[in-house]
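So you know, we letter chains A, B, ... as the sequences are listed, proteins then strands, and number each from 1.
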6 protein chains.
Amino acid sequence: MFVPSGDLLEYYAGPASDVYFQRARDTLLGEHLDPVVTMEYFGDRAGVLCGMNQALDVLRPALGGEGEAWALAEGDRIEAREVVMRVKARYSLFGVYETALLGMLASCTGWATRAREVVDAAAGTRVISFGARHVHPLVGPIMEYAAVVGGCVGCATPLGSQLAGLAGPSGTMPHAMILVFGDTVPAALAFDKHMGPDVLRVVLVDTFKDEAEESLRVAAALKERLRGVRLDTPWERGRVTVPLVKEVRARLDQAGFEQVGIFVSGGLSVERIREFVAEEAPVYSFGVGMEIAAAPPIGFTADIKEVDGEVRTKRGRIPGLTHAPRLQKVI
Amino acid sequence: MFVPSGDLLEYYAGPASDVYFQRARDTLLGEHLDPVVTMEYFGDRAGVLCGMNQALDVLRPALGGEGEAWALAEGDRIEAREVVMRVKARYSLFGVYETALLGMLASCTGWATRAREVVDAAAGTRVISFGARHVHPLVGPIMEYAAVVGGCVGCATPLGSQLAGLAGPSGTMPHAMILVFGDTVPAALAFDKHMGPDVLRVVLVDTFKDEAEESLRVAAALKERLRGVRLDTPWERGRVTVPLVKEVRARLDQAGFEQVGIFVSGGLSVERIREFVAEEAPVYSFGVGMEIAAAPPIGFTADIKEVDGEVRTKRGRIPGLTHAPRLQKVI
Amino acid sequence: MFVPSGDLLEYYAGPASDVYFQRARDTLLGEHLDPVVTMEYFGDRAGVLCGMNQALDVLRPALGGEGEAWALAEGDRIEAREVVMRVKARYSLFGVYETALLGMLASCTGWATRAREVVDAAAGTRVISFGARHVHPLVGPIMEYAAVVGGCVGCATPLGSQLAGLAGPSGTMPHAMILVFGDTVPAALAFDKHMGPDVLRVVLVDTFKDEAEESLRVAAALKERLRGVRLDTPWERGRVTVPLVKEVRARLDQAGFEQVGIFVSGGLSVERIREFVAEEAPVYSFGVGMEIAAAPPIGFTADIKEVDGEVRTKRGRIPGLTHAPRLQKVI
Amino acid sequence: MFVPSGDLLEYYAGPASDVYFQRARDTLLGEHLDPVVTMEYFGDRAGVLCGMNQALDVLRPALGGEGEAWALAEGDRIEAREVVMRVKARYSLFGVYETALLGMLASCTGWATRAREVVDAAAGTRVISFGARHVHPLVGPIMEYAAVVGGCVGCATPLGSQLAGLAGPSGTMPHAMILVFGDTVPAALAFDKHMGPDVLRVVLVDTFKDEAEESLRVAAALKERLRGVRLDTPWERGRVTVPLVKEVRARLDQAGFEQVGIFVSGGLSVERIREFVAEEAPVYSFGVGMEIAAAPPIGFTADIKEVDGEVRTKRGRIPGLTHAPRLQKVI
Amino acid sequence: MFVPSGDLLEYYAGPASDVYFQRARDTLLGEHLDPVVTMEYFGDRAGVLCGMNQALDVLRPALGGEGEAWALAEGDRIEAREVVMRVKARYSLFGVYETALLGMLASCTGWATRAREVVDAAAGTRVISFGARHVHPLVGPIMEYAAVVGGCVGCATPLGSQLAGLAGPSGTMPHAMILVFGDTVPAALAFDKHMGPDVLRVVLVDTFKDEAEESLRVAAALKERLRGVRLDTPWERGRVTVPLVKEVRARLDQAGFEQVGIFVSGGLSVERIREFVAEEAPVYSFGVGMEIAAAPPIGFTADIKEVDGEVRTKRGRIPGLTHAPRLQKVI
Amino acid sequence: MFVPSGDLLEYYAGPASDVYFQRARDTLLGEHLDPVVTMEYFGDRAGVLCGMNQALDVLRPALGGEGEAWALAEGDRIEAREVVMRVKARYSLFGVYETALLGMLASCTGWATRAREVVDAAAGTRVISFGARHVHPLVGPIMEYAAVVGGCVGCATPLGSQLAGLAGPSGTMPHAMILVFGDTVPAALAFDKHMGPDVLRVVLVDTFKDEAEESLRVAAALKERLRGVRLDTPWERGRVTVPLVKEVRARLDQAGFEQVGIFVSGGLSVERIREFVAEEAPVYSFGVGMEIAAAPPIGFTADIKEVDGEVRTKRGRIPGLTHAPRLQKVI
């Protein structure tokens with residue numbers, strides 16, 4: 001099985017690079033051709049730029065102090081076909097990294113853009129990324145980082161949390177743990193007993209019983225230590241609905257547990273979140289998984305626009321530098 | 001920046017694992033609860049199973065010879081909600097790998113499933129995966145591996161090719177190389193001069209001139225050494241169309257270059273490939289990028305169905321083992 | 001408030017008749033015009049004929065032995081615009097009953113037709129009409145009668161049951177009764193204690209707890225005396241779903257209660273019933289309310305086609321008797 | 001055949017009541033349980049409340065002076081799920097009337113709501129309900145009452161007119177009467193001769209001849225005594241169209257019969273009425289039948305919210321009294 | 001105002017020719033270039049070829065016995081992009097006629113193709129073209145000719161009839177004539193009196209009275225001399241409907257006028273004709289106007305495929321002669 | 001083949017007139033009926049009136065100084081069913097011209113109306129009609145005249161240009177001419193050499209090579225004499241796109257050829273022109289063919305409204321003169 005290790009630059013330039021960039025490098029070297037080219041990078045849809053920091057982490061050592069680069073900043077809103085990066089350097093220095101550079105921007109901008117839509121839909125309610133399980137684990141934490149760039153306030157993996165500069169990962173408890181206990185209340189009490197003070201006491205309440213009933217049982221057991229209940233009703237039971245949230249809220253309040261927040265998860269989409277918001281469901285926080293994880297990449301393209309100072313580009317593109325006043329010099 | 005290295009098992013169990021699995025482990029250990037559980041894994045849509053080999057590479061060392069596992073094979077067609085793997089072992093041995101196991105299956109099955117749709121659309125014409133640039137480079141080669149599991153006959157990165165057990169990666173030449181030369185013909189001649197005999201002479205013909213005209217110029221220069229021309233017309237020029245392929249084919253044939261195949265790339269989707277096939281465009285091979293790379297993951301779920309021999313599962317699911325006669329014992 | 005009483009014929013001819021039929025009668029009498037007319041009745045859509053028996057109960061005494069009538073039979077499938085009844089008599093004998101005759105056919109045929117669609121969708125599973133509460137109580141039992149004519153095997157009101165010639169009305173228990181008890185199990189035990197042997201022990205299981213959990217509690221309490229559980233999950237909890245039925249079935253079977261049938265109700269439509277059938281949900285019987293009760297009437301029209309033996313009709317219609325070989329002489 | 005007679009309360013509590021309410025009553029009596037409950041009634045769609053007066057006519061004698069009730073008024077606009085009535089009393093006093101109470105509200109509110117839509121579409125032009133023939137005659141007059149509550153200015157049956165508090169029923173003449181005469185002009189003259197002064201001289205003009213021609217013939221015969229002509233063109237001749245109304249108006253005016261109004265009927269829907277209004281057709285009054293008669297009922301629900309002073313309700317609903325400041329004490 | 005006269009060839013080559021063909025001729029003459037070219041003509045949609053005879057009437061004198069031409073026949077079904085004519089001659093002989101040749105084919109093939117759709121929809125019932133009034137009178141008869149090529153059995157203008165080789169034009173009587181008379185019956189009698197025996201006695205019956213009534217009046221007046229009635233109900237009265245045709249047929253038959261055919265006209269489209277046919281309306285003949293007259297032209301293109309024996313064509317087309325085995329030598 | 005010649009009035013009254021107008025004339029003459037009638041003409045859709053001048057050219061000599069006429073002006077915007085002309089004269093003077101008068105208005109108004117839509121879409125950019133080849137050559141120049149009435153600034157045939165009062169026809173060069181030369185540059189040089197100074201040097205640049213490349217070659221050859229390039233990319237190559245125009249503009253400007261305008265043609269529709277305008281493509285002029293040529297005629301109708309001073313019209317229409325204050329006396 002594959003293990004990217006040691007020198008990631010070597011990995012990006014070789015095993016992970018489209019082979020034709022390597023063949024181009026060899027052909028040009030064979031002809032002793034190595035002009036200074038100016039290359040521009042742009043995406044094919046509007047969105048929230050992400051992956052640029054990783055790209056610059058590749059480019060800086062690659063250029064070795066020789067060329068120049070200009071870019072927009074991580075998290076910037078970008079337009080379709082807007083130039084997000086420009087590199088001016090000898091082609092041999094960075095040509096073979098094109099696969100890696102475009103791939104970082106494509107995946108991360110896709111995720112950050114969708115996260116922004118989700119966060120906008122939530123209209124101020126907290127959104128946490130819970131979707132690491134829906135992408136390959138080599139990029140799970142990177143997806144979570146992008147989700148935070150897009151506006152999420154938390155994520156589930158320790159590395160994702162660290163990449164995003166958060167205090168720590170977010171999480172409640174899985175159904176598996178409660179199933180091993182066989183009842184939610186003793187599971188909640190044990191969780192409370194063994195977890196450190198930094199871990200929020202949020203108990204999952206849909207494993208065995210009706211969510212409203214279980215919420216009241218758990219609240220009666222943990223009392224003021226209970227910070228929240230998580231509703232994750234499976235689709236076989238109609239998923240979490242707006243009326244369920246309102247009813248659980250009302251029943252908790254009537255029993256004196258106003259301090260207990262309601263955490264909602266399970267197949268949340270932009271559309272469903274808009275419904276919760278429109279109907280003023282009293283949600284404390286949304287846990288979003290597949291909606292962000294499955295965001296399609298945004299395709300990025302790199303175009304040569306000048307060769308040794310002469311404007312030149314391929315058919316279909318306009319030769320010469322594009323007007324791009326927002327670019328900042330980064331290398 | 002992140003470098004997953006050394007012991008990937010540690011990485012999957014810790015930094016890349018949803019933190020609540022780790023908290024569940026700690027709570028259960030605190031209570032000295034470690035029953036043998038039976039867990040079943042299934043996807044939410046039909047597709048082509050992929051990622052199972054990687055998942056077993058994680059499970060085998062994790063179980064350490066103690067539990068049992070049954071699974072379907074890499075590349076199997078699966079139904080929605082069909083059980084693809086069953087693990088029976090002490091929960092502490094494999095609970096924290098759930099994020100990684102599900103993520104491998106989700107991404108890889110998503111890519112392989114879409115690749116199969118593309119390959120089915122191509123109806124016998126060769127399909128090559130050229131989409132590594134559209135996903136993060138840490139998973140680019142894995143995406144290409146999944147594309148080959150789904151039916152592609154080639155891919156673009158050396159590592160992807162190696163993971164898929166192919167003879168070598170596929171590729172022609174990038175626009176950048178031709179732009180550095182300033183003319184396609186000398187670029188093609190230099191490529192022919194410097195590449196080894198294993199590299200197919202396929203020349204990209206849309207950089208500077210009309211594709212039909214350039215095809216004839218290149219063929220006249222490389223003569224019988226020319227194996228193919230690649231049409232990658234940009235969308236600004238209407239992309240590659242069926243009549244363009246037919247015209248280039250006719251003009252090459254009229255000039256005596258029947259041996260030159262036509263390679264088509266550029267924004268190919270299942271739908272556009274169906275058009276090429278329906279109108280009998282004489283395509284030798286399709287290069288597909290974003291269509292496969294942007295395939296959404298297929299969500300996978302792991303359910304406990306038995307605890308210490310007693311049937312038990314969460315609300316919404318049917319307790320006890322699911323009838324799954326296709327499973328084979330793998331551990 | 002209105003009480004139709006005593007002589008219904010008087011009611012139909014006077015207070016409940018469109019006043020212009022009474023004015024027409026007075027005008028014709030004033031002119032001593034009372035020809036024998038032949039009138040034909042037809043509906044504007046295809047369906048299942050119902051209300052004909054009531055109509056003939058009006059016509060027979062009205063004609064007083066003088067005229068003739070031909071009709072199709074209650075429950076017959078009819079085509080759009082097919083003649084369902086023909087009356088040949090002096091106009092003064094039956095003209096003022098037109099409002100009543102058409103209204104009986106319109107409402108009852110509408111209900112029976114929709115009931116047939118529901119029953120066809122159920123594909124052999126029993127359908128019971130529970131919709132009396134959705135129509136005015138003066139016609140609630142008549143609606144139920146029509147539902148049985150359309151194919152339902154039971155209905156909820158005693159009078160509906162009697163009109164339809166059934167052994168007795170169908171019913172389980174309302175949420176209100178369980179709410180008064182405060183728990184489903186004692187309510188079920190009391191129901192079992194006080195009801196006669198002819199009443200099926202079917203217990204409503206969604207009032208307080210999760211349906212699967214409550215089903216098992218009730219089954220444990222009533223044991224082999226329990227005949228069924230009724231699932232009536234409110235829309236706020238996602239209504240009854242196919243997986244819920246399957247899960248309750250599985251959990252009951254695993255606990256040894258194979259004899260307990262599952263009764264499904266709550267917002268059932270033709271479309272939802274088709275889903276249950278298509279996915280083979282193990283439903284014992286469907287309780288359908290609004291879907292049948294809200295069926296739109298089928299508009300019926302009465303046309304004079306002959307006057308004193310001369311063919312005559314209004315513009316837009318074809319004069320003379322319509323070819324209608326299925327009609328049978330009834331008066 | 002069924003004759004609801006004598007004591008309607010007995011009818012509502014027995015033959016017309018869902019049998020399970022009677023079984024619930026018997027079970028609770030068997031257990032000597034008869035708490036004071038608070039029940040709330042609401043509809044599932046917005047509309048114009050109707051049937052409330054009939055419901056209170058049932059409740060007042062049923063409660064026998066013991067309980068309390070609050071309600072909105074007949075004709076009030078209501079929101080979806082707004083509480084329209086609240087009853088606080090011993091359950092045994094009113095539980096068995098639930099089928100009747102809900103049914104009155106469902107049918108009548110459905111009709112009144114659709115009538116309001118029709119009246120709104122007519123934008124000031126008079127609308128008369130002519131649909132008694134499209135519903136069972138036991139509720140025909142009640143439907144007409146509801147249509148007037150919804151905004152119609154007239155209806156066709158004497159009892160409907162009386163229930164609605166109108167001066168008398170509306171009507172012109174049926175095709176049957178004209179067909180017996182064999183010509184419209186003598187029919188019109190006879191009608192004029194025999195009807196009292198309170199009956200409007202409105203003549204139906206589409207039976208034998210072109211409507212424009214017949215209108216002029218009738219006007220020439222009745223002269224200034226003619227109050228209107230009714231256009232009821234059958235669908236076989238394209239129904240009444242906007243240009244037909246304008247043409248008849250113009251031809252009448254050119255002949256000096258400005259005092260003759262145009263009455264339009266025949267398959268009028270909200271949509272078609274909007275067209276007449278949008279194109280400023282000179283209509284004096286619309287006669288609407290099926291569009292109102294076929295209005296689907298609005299489903300009403302009754303929920304227990306308190307039992308002996310304790311908040312209690314079923315799963316899916318919020319326990320305790322709903323905030324409903326518009327309710328007025330009625331019992 | 002324009003009068004094309006005398007020598008039509010001069011007109012086509014000069015005033016009616018796109019000026020750039022004349023400039024091309026002058027430029028080529030200036031350079032003494034006049035190769036033999038092979039030109040192919042094709043349409044962009046499938047249809048019924050028409051206008052070819054006119055085109056050959058231009059080409060024959062133009063080529064003056066020098067070149068060659070191959071073509072499909074007038075009335076042939078053609079495929080989209082199928083070659084319908086090929087001309088091999090010196091370019092100077094026919095280049096300037098391209099506007100005229102393409103225009104003849106475009107208009108006529110458009111009309112003939114739509115006529116065929118109409119005729120196919122009529123499924124054996126006779127269709128007559130009445131649309132000359134909807135196109136410029138300089139081409140009205142040509143449109144009618146094309147309609148007959150497409151399958152119509154008659155047309156309305158004398159010249160159209162002559163071009164199509166019919167015995168004579170078809171026509172009944174206009175509303176204007178009847179309006180001058182002031183009543184249909186005297187108009188019909190006068191028509192019968194003054195027309196020769198070759199003119200069918202078909203009377204228009206919707207001018208003043210209801211069509212059914214007028215049909216019977218006219219039939220009573222002309223008796224066995226009446227050959228048909230024409231229904232042309234204006235859209236303000238709902239146009240001619242299927243039930244109107246059936247009713248008029250029934251009333252004529254009941255009165256003993258089985259010999260009178262029903263001619264239908266007025267806004268007939270392919271779709272409406274299909275309705276008449278599907279519902280088996282007893283129509284003797286359809287008069288179709290705008291549906292054929294407004295048929296869009298089918299765009300024709302002329303491509304040079306060879307120049308002095310060398311294959312040559314423009315970008316986008318395949319050089320050399322197209323495989324077209326159905327072409328016949330015509331010049 | 002047909003040649004309309006000599007006396008067009010005779011042609012319109014005879015060979016090109018619907019025969020039933022001639023039969024009506026003969027019948028009325030036979031009865032010595034020749035009242036003064038008032039006839040009104042209107043179209044069935046809104047648009048730009050055209051053909052009126054031709055119609056008056058027919059009417060004036062026909063009336064021979066005897067009657068009166070009122071009309072709207074050529075080029076006026078008209079509403080659906082607005083009266084565009086009124087004639088008051090003895091019926092025998094103009095009845096037989098109805099086919100011709102309506103046909104002129106129908107075709108010309110259809111073309112002018114569509115031209116106006118195209119011109120509006122172009123939002124100020126020049127539109128030239130190039131569609132003569134898509135209609136029969138007898139009306140090609142008339143179509144072009146109507147296009148100019150609708151707002152086009154030029155057209156392609158000499159006669160069309162003359163009818164429209166333009167300085168001369170517009171045109172560049174056909175593909176055929178360039179194909180005969182075998183290369184665009186010598187063709188352009190020859191064209192420049194042989195054409196007079198009044199002919200714009202606009203060169204077609206898509207025949208052999210990529211449009212951008214060819215534009216630069218042609219500009220380099222003709223230098224400041226080059227007035228424009230015409231892009232007419234065939235659909236097989238994706239037609240002319242917005243990015244192609246922008247790219248050619250940029251490349252011309254970068255090479256110093258700012259004076260060269262870009263002429264776009266090839267399948268231009270209202271919709272495509274809107275795209276060019278919305279995306280600010282630097283187009284100098286649009287050449288539009290089929291979009292205008294295939295405009296459906298607008299159906300015109302002539303109604304008698306008075307006969308010898310008495311209001312009279314057919315069923316469906318309002319008798320008497322229509323209020324039409326915009327009409328001006330023209331005869």
Need one label for [X]: side chain, backbone, both or neither, based on atoms under 4.5 Å from any heavy atom in chain C.
{"X": "C108(D)", "answer": "side chain"}
{"X": "Y91(D)", "answer": "side chain"}
{"X": "L33(D)", "answer": "side chain"}
{"X": "V19(D)", "answer": "both"}
{"X": "M173(D)", "answer": "backbone"}
{"X": "A190(D)", "answer": "both"}
{"X": "M143(D)", "answer": "neither"}
{"X": "K209(D)", "answer": "backbone"}
{"X": "E310(D)", "answer": "neither"}
{"X": "H175(D)", "answer": "side chain"}
{"X": "S161(D)", "answer": "neither"}

Taking side chain as everything from C-beta outward and backbone as N, CA, C, O, which of these in I178(C) sits under 4.5 Å from a heavy atom of chain D? Side chain, backbone, both or neither.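 For I178(C), neither part sits under 4.5 Å from chain D.
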*Pairwise distance SG(C50(D)) to OH(Y145(D)) - rounded to 0.5 angstrom*: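 Between C50(D) SG and Y145(D) OH, I get 4.5 Å after rounding to 0.5 Å.
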Donor-acceptor pair, distance only, cut-off 3.5 Å: does the side chain of R45(C) make one with the backbone of P297(C)?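 Yes; at least one donor-acceptor contact below 3.5 Å.
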- prompt: Counting distance only, does the side-chain N/O of E144(C) pair as donor-acceptor with the main-chain N or O of T157(C) below 3.5 Å?
  reply: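 Indeed, once roles are kept as given, a pair shorter than 3.5 Å links the two residues.
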Pick from [options] with the largest number of heavy-atom pairs that fall under 4.5 Å of chain D:
{"options": "G160(C), P186(C), P174(C)", "value": "P174(C)"}
{"options": "M39(C), H134(C), E31(C)", "value": "E31(C)"}
{"options": "D34(C), V135(C), L102(C)", "value": "V135(C)"}

Answer yes or no: is there an ion pair linking D303(D) with K305(D), defined by an N-O contact shorter than 4.0 Å?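 Result for this pair is no, no salt bridge flagged.
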Item to complete: Considering only NZ, NE, NH1 and NH2 on the basic side and carboxylate oxygens on the acidic side, decide whether R315(D) and E236(C) come within less than 4.0 Å.
Response: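 Salt bridge: no.
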Sort out for me which of [options] touches chain C most, counting heavy-atom pairs under 4.5 Å.
{"options": "I298(D), D308(D), N53(D), V199(D)", "answer": "V199(D)"}
{"options": "T233(D), D206(D), V307(D), L105(D)", "answer": "D206(D)"}
{"options": "A295(D), A176(D), G299(D), G110(D)", "answer": "A176(D)"}
{"options": "G140(D), P296(D), S17(D), P141(D)", "answer": "S17(D)"}

Which salt bridge (Lys or Arg N to Asp or Glu O under 4.0 Å) pairs, counting each pair once, include a residue from residues 9-25 of chain D, with sequence neighbours left out?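 Found R133(C)-D18(D).
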